[in-house]
Amino acid sequence: MHQLETAIAVGLIGVGERLPPERELAAQLGVTMLQIRHALATLRDRGLIETRRGRGGGSIVCDTSAVSREEVERRLRERSTEELRDLGDLSGSLAGAAARFAAARADGPEIDRLELLASQFREAESVQDLRRADSRFHIGLAIAAQSRRLATATVQIQGELAPLLWAPSDVGVDTTDAATAHAAILEAITDGDEFRAQETAIAHGAHETELLIEARLELMMNRALDGR
């Protein structure tokens, strides 16, 4: 269930797309038919998928909406500053490795794909689209690195990190720093500069980690003030 939810959350499976048949899905995820049916039932109960009968039927994704603000705040409260930093360190390390290998291995079509993903992030308007576009860019780095395990790990970490970074807000979300970082990473990869690509991606991850920690501290401070 977690793997399917993550794939939906980061936009690997979009609204209206059909999941593979249960038997094929179970084989892909390495689980039993009973486990896959339980997972699909849970996703249906949560409104993420619906099951249609007959020709053209199956499990269809019907909601990829962002995690609610209340859920984001709950997750931030439950994690300590050290846990958030650990999460950010892992994300930055994966991104750094992916960028480094992409600079060494990516071919023309893969770089073109990264440019498209970066432009989709710049043009995204809603928080939901920003979350998906940012996740896809980082997953795209791992794919360009030509490492299946790195891509799998990146999908998992983005599923945990992206909802916290791109949470619903009453004010506009500033994407300037992230868009600039994406462009710098892409430039280093295009130039084949492995060290610069790695260092830029790690710095981008460190900045995002600080944003998460600041968000948690502000949340805890506001709660403390409200409780006075």
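Model, not experiment: these values are computed from the prediction.
- With sequence neighbours left out, Arg113 forms a side-chain contact (heavy atoms from CB on, under 4.5 Å) with Leu116, Leu117.
- Closest of all the heavy-atom pairs between Glu50 and Arg44 is CA-CG, 4.4 Å.
- At a threshold of 4.0 Å, the pair Arg75-Glu71 counts as salt-bridged, since one of the basic side-chain nitrogens sits closer than that to a carboxylate oxygen.
- The distance from the CD1 atom of Ile185 to the OG1 atom of Thr190 is 11.5 Å, given to the nearest 0.5 Å.
- Nearest heavy atom pair, residue Ile111 against residue Ala106, reads CG1-CB, 4.0 Å.
- At least one side-chain heavy atom of His138 sits less than 4.5 Å from a side-chain heavy atom of Asp134.
- In this structure, Glu73 contributes its side chain and Glu70 its backbone to no donor-acceptor pair below 3.5 Å.
- Under the 4.5 Å side-chain criterion, counting only non-hydrogen atoms from C-beta, Thr154 is not in contact with Ile143.
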Can I get a per-line list of side-chain donor-acceptor pairs under 3.5 Å for residues 23-34, giving both atom names and the distance, sequence neighbours left out?
residue, atom, partner, partner atom, Å
Glu24, OE2, Gln28, NE2, 3.2
Thr32, OG1, Gln35, N, 3.1
Thr32, OG1, Gln35, OE1, 3.3

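- One hydrophobic cluster, built from ILVMFWY side chains closer than 4.5 Å, holds both Leu130 and Leu161.
- One hydrophobic cluster holds both Val61 and Met1 under the rule that ILVMFWY side chains link at heavy-atom gaps under 4.5 Å.
- The cluster map of Ile, Leu, Val, Met, Phe, Trp and Tyr, joined by side-chain heavy atoms under 4.5 Å apart, puts Ile213 and Met220 in different clusters.
- Atoms CD1 and CD1, from Ile157 and Ile139 in turn, are 11.5 Å apart once rounded to the nearest 0.5 Å.
- At least one side-chain heavy atom of Leu4 sits under 4.5 Å from a side-chain heavy atom of Leu43.
- Nearest approach of Arg216 to Arg77, heavy atoms of both residues: NH2-O, 3.8 Å.
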Without placing hydrogens or testing angles, list every side-chain donor-acceptor pair under 3.5 Å for residues 195-206, not counting sequence neighbours.
residue, atom, partner, partner atom, Å
Arg196, NE, Asp193, OD2, 3.2
Arg196, NH2, Asp191, OD2, 2.9
Thr200, OG1, Arg196, O, 2.6
His204, NE2, Glu208, OE2, 3.4

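- Here the CG atom belonging to Leu19 is positioned 9.0 Å from the OG1 atom belonging to Thr51, to the nearest 0.5 angstrom.
- The list of salt bridge (Lys or Arg N to Asp or Glu O under 4.0 Å) pairs with a residue in residues 117-130, not counting sequence neighbours, reads Asp129-Arg132.
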Solution key, residues 82-100 side-chain donor-acceptor pairs under 3.5 Å, sequence neighbours excluded:
residue, atom, partner, partner atom, Å
Glu82, OE1, Ser80, OG, 3.4
Glu83, OE1, Ser80, N, 2.7
Arg85, NH1, Glu210, OE2, 2.9
Ser93, OG, Asp89, O, 2.8

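- Rounded to the nearest 0.5 angstrom, Leu48 CG and Leu40 CG are separated by 11.0 Å.
- Atom CZ of Arg52 sits about 5.0 Å away from atom CD1 of Ile60, to the nearest 0.5 Å.
- Under a hydrophobic-cluster definition in which Ile, Leu, Val, Met, Phe, Trp and Tyr are linked whenever side-chain heavy atoms come within less than 4.5 Å, directly or via other members, Phe101 and Leu141 are assigned to different clusters.
- Between the CG atom of Leu212 and the CG atom of Leu217 there is a distance of 11.0 Å, given to the nearest 0.5 Å.
- Checked against ring pair (Phe, Tyr, Trp, His ring centres under 6.0 Å), Phe121 has the following partners two or more places apart in sequence or in another chain: Trp166, His182.
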